Structure formats: C-alpha cells, structure tokens
Amino acid sequence: MDLRQGLGLRRLGRTADEFQQDLLSTLYYRRGTTVESASARDAYETLSLTVRDRLAERRARTAAAHFATNPRWVYYLSAEYLLGAQLEQNLLYSGTGELAAEAVKTLGFTLEELEGLDIEPGLGNGGLGRLAACLVDAMATRDIPAVGYGIRYDFGIFKQSISGGAQAECPDDWAFQGNPWEFPAPDDRQTVGFYGHTEPVPGSQTRKRWIPGEVVLGEPSHMLVPGYGTETVNIVRLWRARGSEASFDLSRFSAGQYAEAVQEAVRAENISKVLYPDDSTELGRELRLKQQYFLCSCSLRDIIRRFRLRNSDWSDFADKTVIQLNDTHPTIAIAELMRLLVDEYELEWDQAWSITRRTFAYTCHTLLPEALETWPVHVFERLLPRHLEIIYLINMFFLREVEERFPGDTDRLRRMSIIQEEPERRVRMAHLAVVGTEAVNGVAELHSKLLRETVLNDFADLWPAKFQNVTNGISPRRFIKIANPRLSDLITEGLGGEGWLSDLDQLAGLEALADDASFLERWRAIKRANKVDLAAGDPDSLTDVMIKRFHEYKRQQLKLLHIITLYHRIRNDPGGDWVPRTVLFAGKAAPAYHAAKDIIRLINAVGSTIAADPVVSPYLKVVFAENYNVTLAERIIPAADLSEQISLAGKEASGTGNMKLALNGALTIGTLDGANIEIRARVGADNFFLFGLDAFQAAELRYSGQYRARDNYERDGELRAAIDAIQSGAFGGVGHEVAGSLLGWDEYLTLADYRAYVDCQDHVDRVWRDQATWSRMSVLNTAHSGFFSADRTVSDYAARIWRVAPVPVPRDED
Ligand code: F58
C-alpha cells in the first residue's frame, strides 16, 4: 500500500544525501531560516520535524490499516503521561540516528548538542505517569490499535532545586519554546459543560436534560507513539482547555475592564493550567475534579466520534472499544458514558449500563487508604449535577444486587456503597470504578492479592472473576538501549543480535556468560564508565541509589539512618577497612507534604556534615541530585550498583524503578514488597539482598497495638546513636521532626526494620569486596529481567483483559 502515490507525493529520503536534502528543505521552508543564520534551536526544531516526517508517514499507513480493519480499539485514559525526551527515542524508532548525526553537521552542530535541547514533557508525578508512557510504547510495539488520552497541562510537574538544603519548587513551562513533536488538531475540538441544573424529560423515567452553567472547549493535539521494530505509529491525544469565543467580553474590554473581559476565558483555561493542583482547599479540589471530567468528557466524545466513522450500531460499541482507566482519576468517565448514551443518544438505561460495564476496565495503583479518591457529595452536586444523579442510580441498582446476594447484611451494604455516609457524604471513586467495569487489576502479584483481601475484599467476594493481576513493566528501549548504550552493545554482542530489544526474555541467554571472566570484566568496566559519566562520586565506590518520589512509606528515612550509622562507625574507627560508598538520592516531595520535605532537608544536612568531615568523607559521600525526571533517571540508572527498594512491605503497589535498575545490572536491597517479590523470584534469592518484615508481619505488628518504636531505640545502640545525633543537632540542627516522628508513632515501622536493614547492608559490603561475585550477580539480574518488559505487560492486558488482537501495518513498498 502506498498512500503517497495517490497524492503524488515523493518518498522521504533514505540515503544520507536525501536525508540532508530533507533537513535543508525543512530548515528553509518550514523553519524559515538558512544554514548561515541557524541557531542551535533552529537546528533542533529542524531535525525534530525531519524525523517526525518519517513517523508521520508511518502514522498515515497505520491509520489506513486500522480504518480498513475496523478493529477493537484500546483507549488508555490517564491524567498523567511522563513521556521523557522525544528526539533520541524517535531517532531510534525511525532508524534515522546515523543519517541525522551526519546531516546535522552541515548545520554546524553535533547531534549531542541538539539532543541537549530536547526538553521532556513532565506531565506526570511519578510511577503512574511513567507507566502510562511505557504502556503506550509497548502497545505500538505489539501492533495494538490504541490511543492514549490525557491532558496537555501548560505547567508540568514542578522543577525542583535544593536551596539552603531544602526543596524549592519552580513552575515548569515545558512548552515555552514550542514543542516540535506535537500536531494540533483544532477540528476535533469538543465542548464540555460544568455546573448548572437538570430538568426532567417528559415521558422518560431515566433521561434528563442537563443545562450546564459553564461551557469550555477542549482542543486536542497529539504526539506520535511509534512502535519499535514494527510499522505501527499510535498517538497520545492531549486536551487543552480554551474559553469559547463567547467567553471574551468585548464590551467590557472596550470599557477598559481588561481583566474582567477575559475572566471567563481565564477560568476555562485554568482547567489544563497545572498538573495536580494543590487540593488542600475546596477550590483546589473542585479544580481537580474539573480536570478529571474535562479529560473524560473530551475523550469519550472523541471515542464515540471514531466509533461512528466505521460503525452504526450501539450494540457493537463494547465489542469495538475497551477503555482502560489508569487509576481512579478518569473514573467519572463511567457516569459520563452513561449520560451520553442515555441522555444524548437516547438508549434505555439497561442497554446503556450493559455497554458501559463491558467497555471499561480499571487499574488500581495503590493500597494506601488515603490515596483512594473520594469527593464530597456537595462538590459533585455543584459541578456535575447530572453525574451525581446517575451515580445515585448506579448505586441503587448495585446495592440491590448486593442485597440479593447477602440479604440483611446492612453492614456490607454500608461498606460497599458508592456513597460514603460518615463522617461526611462522599463519592467513593474506587467503588464506582469496580462497579462500572468488567475487570479490575492490581499492578504486581502481592498488590493484586492485597487488593482482593483488604481494600476491595467485599467486591472480590461478590465478583471473584473480575479481579486480576497484571504486573507492571518498563520499556527496554528507553531504559537500557537509549539510557545505557555501552551495556546494550555488550549484550547485543553477547547474544549475537538485537532481537532482545523487542523480545526481552532473550536476555536469559546472558546466563551462559555469567561465568566468563573476560565478559564479567567488560561488564564491570561499563558500569565504571557509566559512573564516570554520571560524575556523582568516586567511580570505584559502591554507588548506592535511591531514586523515587519522597514518601514516608518508601522510607528514605531508613536509608538515612543507615548512612548516619556508617558515619558513626567510620568516625569511631578511622583506620578501619571500609567499603567506600556514594549514596545518591533523587526525587521530589509533594509541595505540601512537610514530613517528606523534612527528610530531604535532613539528607542534605547529613550530606554536608559528612562532606566537611575529613575522616569520613574519603569513604562516604551523600549526593542529592536535583530535579529527578525521566532524563535524569536515564543517566543515574546505568551507573547504579545497588538499588534501594526498602518500602514497608504491603505499601508499594509495584514499583517500576526497581525493574529499571535490575535490568541495568544493579543488585537490589529490598523488602518483600510490590514487584520486588517477583524480581527476587526471577533473578534468584542468592542475587537479591532481602531484609525486613513481610506484609503480613508488618500488618500484624501495626495493628496489634503492641508496637513501640522506642523499644527498638532503647535496645539498639547504633540506632540510638543515630537518632541521638539528629536530636542533639549534629547535622546543623536539622531533623527534629524526622526523629520525633520515628520515635513517636513510626507509622511505617522504620525502626522495626532498622537492624535487619543495617545487617543486610553489611552483607552487601562483604559481597562487594568480591568483585567477581558481584559482577556475576549483576549479569544474572539483567539476564532474568526479561519478564519486566512492558511488552509482556501489554500482552497480558491484551490477552486477559482487553481481548484484542494485533493489527500489523504493511511496510512501505517502494
Ligand atoms: C505508583 N503510583 C505506585 N501514583 O506507587 C507504584 O508502586 C507503581 O509502580 C506505579 O504507580 C505504577 O503502577 C503513583 O505513581 C501517583 O503518582 C499519584 C498520581 C495522582 C496524584 C497522587 C500520586
């Protein structure tokens, strides 16, 4: 199939000369400048557009193949995408890296310089947003017809700097200089309503007319998502809020009331202004819900528009469509689809409900009760009056079903209701998500089990078959091929080809090389070279990394107690035979999460004290790398020797950084939490440093009422010394709050796991002294990380939840 032929388009260049011609023509006609006057920014934009053209051509073939097949589609709804920088990935996926490197020289720049200008769209907070990016990559790689829907925030996750030892936040105007990867599609804009009231429709029991009090436009643009080693190019479609033409008040403007004239438009545009607005005020909470509804309403209308291009019968909708909800943030889509079907397309309630239930699936990413979203009923009622009515109806029918199964069990009805009554009436989004979907999954074996046995236990009793597990995965292209080119080359050489990049299980072939001394030596040399590049500390020291969001359950404070313990040991025995360590932390704390920010301050204070200590600093260095993001992760992960995965068991849903680090040959020190369990099972217990309470023991200890953190402090001299040092002001007087919370309630049982952790770290040191053994363990970690490819994750979803088949896209024939 050659789509260009009909249009009389010439094909894009493939030789170095042709690529260069295309580049120059882009510079001249699209960027509007010349080689003589091109700035680095001009060159970057020009190269990006030239590469993008190649993907756009594949995109056209993909769209044609999808249209011809009329397949079942996967629509991924996510409030967050952490896509990472685009240029290098798109060069790799379009196979134009070498051509580009040559061609940009004629503009007077190196490829590395231009890659340095590539910014990353930080449209997410952490693991959940990055998972969305890995899954869309893998869906394209597995030829699954899919669209990712999200919000095009003007400001992404804040930029973090450390100022006076504390986290400071700056807005991230990520697209300030433009985003060459994005295609605006104003023709597909949608209209979204908010507030207002509902009116009965004469002659109908269930239909209602909603008269919104505010109307906002959603304007989409999309970024291309190419598959690796395949022809498919899918899209991520992001919505941006705009005021309508009518929202500009010309008469007020003419009267000099400039602010008032645009206030309605400003209010509309605030919807997509920032990622995760502060929800500590009522207005902030309303804005979050507004964002969620905005995303869902625009996306559903777009999904329906696409369905109607090839289909006319609503009874086919659920067969042609599966909508995956990435956590509860897009759950309001369930009520919105009901509203569209019942009120706008005039379907009967039962038919609409049957379609809705069969269309959606829900992925849960947490076990923390405080992270399960609920909204006050009065906020809902004001903002989305019709949706609240629909939710009440859904709940009424649902509770009838529960009552039939468990007659007279009023306590169960109260627990399961979508509406929480006490202490305040709230809408429980997770309950709506379970009731309105066909499948519910957790993101690692333990997580899915705990969901069934704890937070969603009543629902699992009612619908056991609905609950599944799909263990998370990561993109091997971004997190090893692009991030760690040296190691990728060695692996390719060892395995005799690059097939492992889209079939990660092939890494198992490395096991045969795990005892080959010269291979191990090269492996080690690469890790060292990556550490030199990172330049965080002595490349011969053990590089110990903890990179993730700051949260008390993840227990950066436990790592800190270990560091202080090492500090004391070295000071007390300066001549000892110490293993030199560089401990690297990176991660952001939510701006209003004071306890997490206190931990960041203490890390920096301890780091400064150690750096100033001539006895300890030759052996121990603490580095806090600012502004952790995907780009920084790609630099740190290849240089890591030790991966810290030390959350309190039962709290981390899965983790994905743990997978990225193991894939790059870091050894894990970790608890039996999230996907750590599956990593350990695959890489082998001998190649994993395990410590601490398991989820059962932790829950038992926490709820026994018998736990006294202070007992550990009193019993353990090293622990006492560490906490006393903080309290006595040894680290610039910083850390009283941290120490106080540990000695007080110690919510995450940090002190209960301290001794096991420190002893396990001593074991790490012993193994490190035997570099041959360490390197062997490192190779085995990589060799057995194949399961953690996002390609496998997507195949699991496709087979067990989505029931979709791949649609291959024909190659370009000429
Ligand atoms: C993370 N959740 C889990 N949430 O914590 C992690 O275990 C898991 O591996 C990952 O999802 C992918 O499944 C997470 O990142 C968020 O970022 C929330 C987004 C909305 C605001 C509150 C944080």
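Each ligand, and each atom within it, is numbered from 1 in the order the structure gives. Source: prediction; values computed, not measured.
Ring-plane geometry between F194 and Y293 is classed as perpendicular, the angle between the planes exceeding 60 degrees on a 0 to 90 degree scale with a lower cut at 30. Between F550 and F624, the ring-plane angle classifies as parallel under the 30° and 60° cut-offs.
The shortest distance between side-chain heavy atoms of I679 and M659 falls below 4.5 Å.
The distance criterion of under 3.5 Å between nitrogen or oxygen atoms is met by L128 with respect to ligand 1. Considering backbone and side-chain atoms together, R288 places no N or O closer than 3.5 Å to any N or O of ligand 1. When only interatomic distances are considered, the shortest N/O to N/O separation between Y276 and ligand 1 does not fall below 3.5 Å.
Close contacts of ligand 1 with Y553, meaning ligand atoms under 4.0 Å from a residue heavy atom, involve 5 (O). Of all atoms in ligand 1, numbered sequentially from 1 with element shown, those under 4.0 Å from a heavy atom of H329 are 19 (C), 20 (C). Near E652, with a cut-off below 4.0 Å to any heavy atom, the atoms of ligand 1 are 3 (C), 5 (O), 6 (C), 7 (O). When each atom of ligand 1 is checked for a heavy atom of E80 under 4.0 Å away, the hits are 19 (C), 20 (C). Taking every non-hydrogen atom of A653 and a distance limit under 4.0 Å, the qualifying atoms of ligand 1 come out as 7 (O).
Protein heavy atom closest to atom 17 (O) of ligand 1, with residue, atom name and distance, is N125 CB, 3.6 Å. The closest protein non-hydrogen atom to atom 13 (O) of ligand 1 is H365 ND1, 2.6 Å.
The shortest heavy-atom distance from R130 to ligand 1 is not under 4.0 Å.
Ion pairing between a basic and an acidic side chain is recognised when a charged N comes within 4.0 Å of a carboxylate O; E169 and K159 show no such pairing. Salt-bridge annotation for R555 and E747: absent, with no side-chain N of the basic residue lying under 4.0 Å from a carboxylate O of the acidic one.
Taking the six-membered ring for Trp and the full ring otherwise, the centers of H387 and F380 sit at least 6.0 Å from each other.
The proximity of N472 to ligand 1, defined as any non-hydrogen pair under 4.0 Å, is limited to the side chain.
With atom 8 (C) of ligand 1 as the reference point, the heavy atom nearest to it among G655, C364, G126 is part of G655.
With E373 as the partner, the side-chain hydrogen bond (donor to acceptor under 3.5 Å, both in side chains) test is satisfied by one option alone out of H329, R428, R426, Q292: Q292.
Atom 23 (C) of ligand 1 lies below 4.0 Å from none of the non-hydrogen atoms of the protein.
Annotation: cation-pi geometry satisfied between R682 and F787 (NZ/CZ under 6.0 angstrom from ring centroid, within 45° of ring axis). With a 6.0 Å cutoff to the six-membered ring centre and a 45° limit on the axis angle, K651 does not count as a cation-pi contact of Y553.
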